[in-house]
Amino acid sequence: MPIYQTSTFVQEAPGVNKGYDYARSGNPTRATLEQLIAGLEKGSTGIAFGSGLAAIDAIVKLLQSGDEILAVDDIYGGAFRLFTNVYEKFGIKVNYVDTTDVANLVNAITPNTKLIWLETPTNPTLKISDIAAIAKLAKANRCLLCVDNTFASPVLQQPLALGADIVIHSATKYLGGHSDLIAGLVVTKEKELGDKIKYIQNACGAILAPFDSWLVIRGIETLHLRVKQHCASAQIVAEFLEQHPAVARVFYPGLPSHPNHAIAKKQAKGFGGIVSFTLKEDTEEAAVAFVTSTQLFKLAESLGGIKSLVSHPANMTHKSIPAAKRRAAGVSDSLVRLSIGLEEAEDLVNDLSLALEKTSQVIRQTTITVHQ
Ligand SMILES: Cc1ncc(COP(=O)(O)O)c(C=O)c1O
């Protein structure tokens, strides 16, 4: 697909053109990506945005003052910030519940709930919600169900086929796959809803540029192979961490010990490339010692790229969530999130093993100093 690096298109006569007039409204490179993601997610309409958050923002703009969103409690920090700090002042209320139990949604839904917002798996505790059951609840209450499918990608999970109305992606992650762009994608099941979101996009302007559209298309060409390897290595890493004496708890849906393992197995083709864990020494200091001790895992925001990354959500992605709320959602002070890249799994395990050893040394030294 060529990169149509152009803002405007020559017209044969006023209003007579080859389908494009101005690149905010449509661009052939972006349109190719939009058709590609709509096909992968089994939807009717794809829309490419300048970031994942711009995609989320366009969905919220479907709502009106007085409407309510019922959202997963372990939500991506940026979505929490947008809902709370930007949209609450426009009269949109957000209720957060643990969506792994459908009963919690049944109890929290009100006649004003117009949108249910799921991430599954969640970021960073990898909770899994039953998309099909929640889609039934959304339909019965005439509200939209939007699933952030960033962590699973359409290779592993297709929420629209399970009854959701909208899927969004931070294409910055697995779809792009190389940590070299920021992009967001929306896919709707129905064309009518897709047209509404396209209208919002054109009115507000948060489009994806032609070159970045081309990069996402290129990334998607290897998505199925990358995701397969991410999943295989993540399983090995999760099993290693689960038996390590310094580790308190491992969050990975592929482990039988994960509370939502059964539903993960049922609704997805694999368990993804993200593994989180907490340390027995549940302090920010211990987590910081760990994330600054790895060699292959680079300390950075983001995930889903070919290179492994490590992050400390309490200090990074989830910093904008108040500490008490963050802890209540399971993101404890020592929680570390790993994005498993395409390096050899054995090398990744060795890197983690050495970093855990170094962390234990730092903890021992701190304890000795305190006692002196
Ligand atoms: C699950 C999830 N959704 C949405 C976003 C926002 O995407 P972007 O950073 O592309 O705006 C992120 C970013 O980390 C994310 O992890």
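In each ligand, atom 1 is the first atom listed, and ligand 1 is the first ligand listed. These figures come from a predicted structure and were not determined experimentally. Residue numbers start at 1 and run along the sequence shown.
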**Student:** Name the residue from Phe83, Tyr76, Tyr87 that meets the ring pair (Phe, Tyr, Trp, His ring centres under 6.0 Å) definition with Trp117.
**Tutor:**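 Among Phe83, Tyr76, Tyr87, the one meeting ring pair (Phe, Tyr, Trp, His ring centres under 6.0 Å) with Trp117 is Phe83.
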**Student:** Run through the side-chain heavy atoms of Ile, Leu, Val, Met, Phe, Trp and Tyr, join any pair under 4.5 Å, and report what else lands in Val106's cluster.
**Tutor:**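 Under the 4.5 Å side-chain rule, Val106 groups with Leu70, Val97, Val102, Leu105, Ile109, Ile116, Leu118, Ile131, Ile134, Leu137, Leu145, Val147, Leu162.
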**Student:** Aromatic rings Tyr20 and Phe9: how do their planes relate, parallel, tilted or perpendicular, breaks at 30° and 60°?
**Tutor:**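 The arrangement is tilted - the two ring planes meet at 30° to 60°.
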**Student:** Dump the pairs for me: ligand 1 N or O, protein N or O, distance under 3.5 Å, to 0.1 Å.
**Tutor:**
from     : atom 1 : to     : atom 2 : distance (Å)
ligand 1 : 3 (N)  : Asp148 : OD2    : 2.6
ligand 1 : 7 (O)  : Ser170 : OG     : 3.0
ligand 1 : 10 (O) : Gly52  : N      : 2.9
ligand 1 : 10 (O) : Ser170 : OG     : 2.8
ligand 1 : 10 (O) : Thr172 : OG1    : 2.6
ligand 1 : 11 (O) : Gly52  : N      : 3.0
ligand 1 : 11 (O) : Leu53  : N      : 2.9
ligand 1 : 14 (O) : Lys173 : NZ     : 2.6
ligand 1 : 16 (O) : Asn123 : ND2    : 3.3

**Student:** Is it true that atom CZ of Phe80 has more than 12 heavy atoms of other residues, nucleotides or ligands lying nearer than 6.0 Å?
**Tutor:**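 Count over threshold, so yes.
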**Student:** Would the His244 and Phe277 ring centres measure less than 6.0 Å apart?
**Tutor:**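 So the answer is no for these two rings.
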**Student:** Under a 4.0 Å threshold between the charged nitrogen and the carboxylate oxygen, would Arg327 count as salt-bridged to Asp282?
**Tutor:**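 Answer for the salt bridge query: no.
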